[in-house]
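Report on the structure given below.
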Protein chains: 2
Amino acid sequence: MITNMKHIKNELEQKGIKPTYQRLCILEYLHAHLVHPTVEMIYDKLVERVPTMSKTTVYNTLKLLSEKGVINEITITGTEVRYDINCQSHHHFLCKKCGKIYDVDVTCPFANMDHKEISGHEIQEIHGYFKGICKECLTNQNNE
Amino acid sequence: MITNMKHIKNELEQKGIKPTYQRLCILEYLHAHLVHPTVEMIYDKLVERVPTMSKTTVYNTLKLLSEKGVINEITITGTEVRYDINCQSHHHFLCKKCGKIYDVDVTCPFANMDHKEISGHEIQEIHGYFKGICKECLTNQNNE
DNA sequence: ATTAAATTTGTAATGATTACAAATATGAAA
DNA sequence: TTTCATATTTGTAATCATTACAAATTTAAT
Ligand SMILES: [Mn+2]
Ligand SMILES: [Mn+2]
Ligand SMILES: [Zn+2]
Ligand SMILES: [Zn+2]
């Protein structure tokens, strides 16, 4: 397991973020749960171990990590932000039935575009995602 | 102008939607304002002409039109849904500064994929967008 | 030990969206 | 035209994610 506390601590320090206990817990959670969790999911789980954990701290920390480029915000459901520890530009699949978000392994188009502008607009981020019914939900449908 | 009231009425009837006055107004607005407006923008403008217009009706109608495939919901800002009269799969540019959403003219990758699945997931929609600073905001920056 | 700054916490406020029920409009049957 | 069922609209209240804010706590330097 690469994602032990020491590595997490290093990761924060390298980005100039003071490695408080709450921040370590939150970042560790993201390393261990690659399902693009919500604030709610993160908080509900961590508050079991750390009963003093505040939801505001989860929000604050995720915003900080996002600003520092440690994590990425994914806004494709329209109802809540999902968080991704994987900061390399990659694409996603959102299941309309169960709400799960999967990484998909397609070579990101435009990723190696030499010009970082389009129609005069300066491109800073490239996002792509599919919507549909996920593998798991398809299987469940057939077993009904 | 193709987007007169008669055409709008036809459009609704063809989709099996009763063309009420409110629905006509809302759909006409979307035809006339191709900037991917919010519910707020639509309501604020229409209530001037139709003072009895309710915001709930705007929500209801947009949901109906979306379900019937007349319009598309765009969820890329994370804070509110934007609406698009253009239902053909196309890509967008979101300006981080002014919040405007532009259509961008790139040939949608994956669009002509023969297989409508990826990693076992059934693909129903393909979305792509860029984030950055729009042409207009770049110009304003230079004139400060 | 003192003290200032950073962090965390709890609560209140905000803002978009939805739920819901009353009011109104529509349209067919009598 | 009246009657009556149904669809639509409207206003208000509720919900839910997120943010604002200030008090409490922790941290680190003096
Ligand atoms: Mn991902
Ligand atoms: Mn568009
Ligand atoms: Zn699923
Ligand atoms: Zn702009």
Side-chain angles (χ1 to χ4, degrees), chain A residues 8-9 12-13 15-29 36-68 70-84 94 99 101, chain B residues 8-9 12-13 15-29 36-68 70-84 94 99 101:
Chain A
I8 305 280
K9 187 156 171 284
L12 285 177
E13 281 166 345
K15 297 276 183 170
I17 302 170
K18 195 183 293 184
T20 66
Y21 185 62
Q22 287 85 342
R23 289 171 179 171
L24 286 173
C25 289
I26 291 166
L27 187 50
E28 185 201 30
Y29 181 94
H36 313 89
T38 64
V39 165
E40 197 71 17
M41 290 163 66
I42 300 169
Y43 171 76
D44 285 349
K45 193 65 179 182
L46 292 187
V47 80
E48 291 177 11
R49 269 199 296 144
V50 189
T52 62
M53 177 74 71
S54 156
K55 193 176 281 186
T56 300
T57 297
V58 178
Y59 273 105
N60 289 343
T61 301
L62 291 171
K63 173 177 284 182
L64 180 69
L65 294 178
S66 176
E67 284 166 359
K68 296 286 187 175
V70 181
I71 63 176
N72 257 136
E73 298 188 345
I74 303 179
T75 53
I76 67 184
T77 71
T79 56
E80 80 239 305
V81 179
R82 309 279 289 253
Y83 293 89
D84 197 341
L94 168 64
I101 293 179
Chain B
I8 305 279
K9 189 157 171 283
L12 285 177
E13 282 167 345
K15 296 275 185 171
I17 302 170
K18 196 183 290 184
T20 67
Y21 184 62
Q22 286 85 344
R23 290 171 180 172
L24 286 173
C25 288
I26 291 167
L27 187 51
E28 184 201 29
Y29 181 94
H36 313 91
T38 64
V39 165
E40 198 70 16
M41 291 164 67
I42 299 168
Y43 171 77
D44 284 350
K45 193 64 180 184
L46 291 187
V47 80
E48 291 177 11
R49 269 199 296 143
V50 189
T52 63
M53 177 74 72
S54 156
K55 194 178 280 188
T56 300
T57 296
V58 178
Y59 274 104
N60 290 342
T61 301
L62 291 171
K63 172 177 285 184
L64 180 69
L65 294 178
S66 178
E67 284 166 357
K68 296 287 186 174
V70 181
I71 64 175
N72 254 28
E73 297 189 345
I74 302 179
T75 54
I76 67 184
T77 71
T79 56
E80 80 238 307
V81 179
R82 309 279 287 252
Y83 294 90
D84 196 341
L94 168 65
I101 293 179

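Convention: sequence-line order gives letters A, B, ...; per-chain numbering from 1. Quick caveat, the model's predicted, so the values are computed rather than measured.
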Side-chain N or O of Gln22(A) closer than 4.0 Å to phosphate OP1/OP2 of dT9(C): yes
Spacing between Glu80(A) atom CD and dA16(C) atom C1', to the nearest angstrom: 14 Å
Spacing of CD belonging to Glu73(B) relative to CD belonging to Glu67(B), to within rounding of 0.5 Å: 8.5 Å
Sugar-phosphate, base or nothing in reach of Thr57(A), heavy atoms under 4.0 Å: base
Selection from dT7(C), dT18(D), dT17(C) that lies nearest to any side-chain heavy atom of Val39(A): dT18(D)
For Tyr83(A), the option from Leu65(A), Ile26(A), Val39(A), Thr38(A) that meets side chain to side chain contact (heavy atoms under 4.5 Å, CB included): Val39(A)
Whole-Å distance separating the CD1 atom of Ile42(B) from the C1' atom of dT17(C): 14 Å
Options dT8(C), dT17(C), dT9(D), nucleotide nearest the side-chain atoms of Arg23(B): dT9(D)
Position toward the 5' end of DNA chain D (nearest nucleotide), Thr61(B) or Gly78(B): Thr61(B)
Distance in angstrom units between Ile17(A) CD1 and dT27(D) C1', rounded: 17 Å
Gap between atom CG of Leu27(A) and atom CD1 of Ile71(A) - 0.5 Å precision: 8.0 Å
Comparing Lys18(A) and Met53(B) on DNA chain D - which has the more 5′ nearest nucleotide: Met53(B)
From His36(B) atom NE2 to Ile74(B) atom CD1, the distance as rounded to the nearest 0.5 Å: 4.0 Å
Whole-Å gap separating C1' (dC21(D)) and CG (Asn60(A)): 11 Å
Touch class at under 4.0 angstrom, heavy-atom based, for Thr79(B) against every strand present: sugar-phosphate
Sugar-phosphate only, base, or nothing, as touched by Thr52(A) at under 4.0 Å among non-hydrogen atoms: sugar-phosphate
Below 4.0 Å: OP1/OP2 of dT26(D) and any side-chain N or O of Thr20(A): no
Candidates dT9(C), dT19(D), dT17(C) - which lies nearest the side chain of Lys63(A): dT19(D)
Whole angstrom value for the distance that separates P of dA7(D) from CG of Leu12(B): 18 Å
Touch class at under 4.0 angstrom, heavy-atom based, for Lys55(A) against every strand present: nothing
Sub-4.5 Å side-chain heavy-atom contact between Leu64(A) and Arg23(A): yes
Pair of N/O donor and acceptor under 3.5 Å linking dT18(C) base with Thr56(B) side chain: no
Euclidean distance, Asp44(B) CG relative to Lys55(B) NZ, rounded to 0.5 Å: 6.5 Å
Length of the line joining Leu64(A):CG and dT7(C):P, which is rounded to integer Å: 8 Å
Integer-rounded Å distance: dT18(C) C1' and Glu73(B) CD: 13 Å
Separation of dT9(C) P from Leu46(A) CG (nearest whole Å): 11 Å
Nearest listed nucleotide, side chain of Tyr59(B), among dT9(D), dT18(D), dT18(C): dT18(C)
